[in-house]
A.B. asks: 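If you scroll down you'll find the structure; I have some questions about it.
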Amino acid sequence: MTKPFIVVTGTDTGVGKTLAACMLTCHLRAKGMNALACKPFASGGRRDIRLLQAVQPGCATDEEICPYGYELALAPWVAARLAHRRSPRLALVTRHLRDLSKRFYPVIIEGCGGLRAPLGEGYDLLDIVQKLDCAVVVVAANRLGTLNHTVLTVQAVQSQARKPAKVLLMGVRNPDISSRSNLLILRRLLKGCAVLEMPYLGLRPETAAALKKNCKKFEKALARLVE
C-alpha cells in the first residue's frame with residue numbers, strides 16, 4: 001500500500017528529481033489515484049513548478065504546491081537570508097503538507113537540492129521526512145561520484161529517519177566509465193534497498209508526449225518505486 005507521502009530527494013541538485021516526481025505522478029494518476037506532486041521550497045525560478053503543474057493541471061494552485069519560492073539559486077535558507085526574508089517554521093511546512101494530504105493521495109514531495117540542504121532555520125528535508133508517514137525515493141545521476149553520495153543519502157534516511165528508501169539511478173547524456181558498474185555496485189552496497197535504473201531519456205523528457213510514452217515504457221520500474 002502506498003504511503004500518504006512519497007518524498008523525492010536527490011544526491012545533488014540537477015540529478016533528475018523533478019522528472020522523477022513528474023513520472024511518478026503521471027504513473028499514479030494513470031492508475032486512478034488522486035496523486036499530487038508538490039515542491040514546498042524552490043530556488044532559482046519557477047521552471048520546476050511549471051513542470052509539476054503540467055502533469056496535474058487544475059488540481060492545485062502554484063502557491064499550494066510551492067508556498068516558499070526564492071529567486072536566487074541557492075539552498076532555500078541561504079536564499080531567504082540574502083533576500084532578508086524570514087524562513088517558515090518546520091511546523092508550518094509540515095502542517096501545509098498534511099493539509100494537502102486531506103485532499104490528495106498520495107502527496108509526492110520533491111525536495112530542493114540534496115537531503116541535507118538547509119531549507120529553513122535549523123531544519124532540512126531529513127527533518128520533514130522524520131515528521132511524516134512517508135517513503136523516500138533517492139534520485140541519483142548515473143555518473144562518477146554517485147556511489148558515495150547515494151550510500152550516504154540512503155543511510156541517513158534509513159538510520160536517522162527510519163523510513164524506507166529506494167533508489168532511482170538516472171541515465172546521463174554523457175556517461176563515463178562508472179556508468180557501466182554503478183547499478184551493480186549500489187545493489188551490493190545497499191542490500192535490502194531496491195535500486196532501479198532508468199536510461200537517459202533525451203533532451204526534452206518533460207514534454208507531455210515524452211512523459212506519457214516513458215511512463216508506459218517504464219511502468220514496472222515506477223510501480224516498484226511506489227509499492
Side-chain angles (χ1 to χ4, degrees), residues 1-28 30-31 35 37 39 106 108-117 124-126 128-130 132-202 205-206 210-211 213-227:
M1 176 65 69
T2 302
K3 287 185 174 291
F5 297 98
I6 301 171
V7 176
V8 178
T9 187
T11 54
D12 199 351
T13 188
V15 295
K17 294 189 304 296
T18 303
L19 178 58
C22 285
M23 293 186 69
L24 285 172
T25 305
C26 281
H27 171 74
L28 291 168
K31 296 300 180 183
K39 184 167 184 170
I108 299 167
I109 304 168
E110 183 193 345
C112 187
L115 184 69
R116 303 309 306 264
D124 52 32
L125 187 61
L126 183 61
I128 293 177
V129 168
Q130 290 174 320
L132 301 176
D133 181 15
C134 66
V136 179
V137 174
V138 177
V139 181
N142 192 1
R143 62 190 179 206
L144 187 64
T146 200
L147 298 181
N148 174 71
H149 301 331
T150 305
V151 170
L152 287 174
T153 302
V154 170
Q155 287 179 342
V157 171
Q158 293 179 334
S159 64
Q160 297 182 51
R162 300 187 181 279
K163 298 295 169 67
K166 297 179 181 179
V167 174
L168 180 61
L169 193 61
M170 302 288 283
V172 296
R173 184 179 182 182
N174 298 306
D176 54 47
I177 191 172
S178 77
S179 301
R180 290 176 286 181
S181 58
N182 284 332
L183 179 66
L184 175 62
I185 300 302
L186 283 173
R187 284 176 172 170
R188 290 184 176 180
L189 294 174
L190 296 171
K191 293 179 180 179
C193 173
V195 182
L196 307 172
E197 183 181 34
M198 194 161 289
Y200 177 62
L201 298 176
E206 71 281 356
L211 280 169
K213 175 183 176 182
N214 287 323
C215 280
K216 186 174 182 179
K217 184 176 181 180
F218 301 108
E219 180 179 3
K220 290 184 178 179
L222 293 169
R224 286 198 62 194
L225 286 174
V226 296
E227 64 184 8

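Atom set for the values below is all heavy atoms of this structure, side chains included, hydrogens, waters and symmetry mates excluded. On a predicted model such as this, the values are computed, not experimentally measured, just so you know. Positions are given from 1 along the sequence.
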A.B. asks: Could you tell me whether the side chain of Met170 reaches within less than 4.5 Å of the side chain of Leu19, counting heavy atoms only?
C.D. replies: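 With C-beta onward as the side chain, the pair touches.
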A.B. asks: Using a strict threshold of under 4.0 Å (side-chain N to carboxylate O), is an ion pair present between Glu197 and Arg187?
C.D. replies: no
A.B. asks: Kindly say whether Gln160 contributes a backbone atom to a donor-acceptor pair with the side chain of Gln130 at under 3.5 angstrom?
C.D. replies: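 Pair found, side chain donor or acceptor close to backbone of Gln160.
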A.B. asks: Taking the side chain as C-beta and beyond, is there a heavy-atom pair between Leu28 and Pro106 under 4.5 Å?
C.D. replies: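 They are in contact (side-chain heavy atoms under 4.5 Å apart), so the answer is yes.
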A.B. asks: What closest approach, in Å, do Leu126 and Ala156 show between heavy atoms, and which atom pair accounts for it?
C.D. replies: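 Result for this residue pair: CD1-O, 3.9 Å.
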A.B. asks: Is the CD1 atom of Ile177 crowded by more than 12 outside heavy atoms at less than 6.0 Å?
C.D. replies: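 No.
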A.B. asks: Rounded to the nearest 0.5 Å, what separation is found between the CZ atom of Arg116 and the CG atom of Leu152?
C.D. replies: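 Reported value, rounded in 0.5 Å steps: 11.0 Å.
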A.B. asks: Might you work through the side chain to side chain contact (heavy atoms under 4.5 Å, CB included) test for Val151 and Leu190, ending with a clear yes or no?
C.D. replies: CA-CA 7 Å; Val151 170; Leu190 296 171; 4.2 Å; yes
A.B. asks: Would you name the heavy atoms of Asp124 and Ala117 that are closest together and state the gap between them?
C.D. replies: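 Where Asp124 meets Ala117 most closely, the heavy atoms are CB-O, 3.3 Å.
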A.B. asks: Can you name the nearest heavy-atom pair linking Cys193 to Val154, along with the distance?
C.D. replies: SG-CG1, 4.2 Å
A.B. asks: Roughly how far, to the nearest 0.5 Å, is the CG atom of Leu169 from the CG atom of Leu183?
C.D. replies: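 The CG atom of Leu169 is 6.0 Å from CG of Leu183, to the nearest 0.5 Å.
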A.B. asks: Measure across Thr25 and Ala37 and return the closest heavy-atom pair with its distance rounded to 0.1 Å.
C.D. replies: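 Nearest heavy atoms, Thr25 then Ala37: OG1-CB, 3.2 Å.
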A.B. asks: If you apply the rule side chain to side chain contact (heavy atoms under 4.5 Å, CB included), what do you find for Leu168 with Met198, and how did you get there?
C.D. replies: CA-CA 7 Å; Leu168 180 61; Met198 194 161 289; 4.2 Å; yes
A.B. asks: Starting at CG of Asn214, measure out to CG of Leu222 and round the result to the nearest 0.5 Å.
C.D. replies: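 Here the rounded value is 9.0 Å.
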A.B. asks: Looking at Lys17 and Val139, would you say the former's side chain and the latter's main chain have a donor-acceptor pair under 3.5 Å?
C.D. replies: no
A.B. asks: Below 4.0 angstrom, N of the basic side chain to O of the carboxylate: do Arg143 and Asp176 qualify?
C.D. replies: no
A.B. asks: Side chain to side chain contact (heavy atoms under 4.5 Å, CB included) for Thr150 and Leu189? Distances and angles first, verdict last.
C.D. replies: CA-CA 10 Å; Thr150 305; Leu189 294 174; over 6 Å; no
A.B. asks: Determine the minimum heavy-atom distance between Pro164 and Lys3, stating which atoms define it.
C.D. replies: CG-CE, 4.1 Å
A.B. asks: Less than 4.5 Å apart, any side-chain heavy atom of Thr9 and any of Val129?
C.D. replies: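 Contact flag for Thr9/Val129 side chains = no.
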A.B. asks: Does the side chain to side chain contact (heavy atoms under 4.5 Å, CB included) test come out yes or no for Val8 and Thr18, once each step is laid out?
C.D. replies: CA-CA 8 Å; Val8 178; Thr18 303; over 6 Å; no
A.B. asks: Which distance, rounded to the nearest 0.5 Å, do you find between the CG of Asn142 and the CG of Asn182?
C.D. replies: 4.5 Å
A.B. asks: For the backbone of Leu132 and the side chain of Lys163, can you confirm whether one donor and one acceptor N or O come within less than 3.5 Å of each other?
C.D. replies: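 Present.
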A.B. asks: Could you give the distance from CG (Leu24) to CD (Glu110), rounded to the nearest 0.5 Å?
C.D. replies: 10.5 Å
A.B. asks: Is it true that a side-chain atom of Thr146 and a backbone atom of Ala141 form a donor plus acceptor pair closer than 3.5 Å?
C.D. replies: yes
A.B. asks: Do Met23 and Leu201 come within less than 4.5 Å of each other through their side chains, counting heavy atoms only?
C.D. replies: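 Side-chain contact under 4.5 Å: yes.
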A.B. asks: Could you grab the distance from atom SG of Cys26 to atom CG of Leu211, nearest 0.5 Å is fine?
C.D. replies: 5.0 Å
A.B. asks: Quick one: closest heavy-atom pair of Ser159 and Gln155, and the distance?
C.D. replies: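 Looking at all heavy atoms of both residues, the closest pair is OG-O, 2.6 Å.
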A.B. asks: Quick one, Tyr200 and Pro175 - any side-chain contact, counting heavy atoms below 4.5 Å?
C.D. replies: no
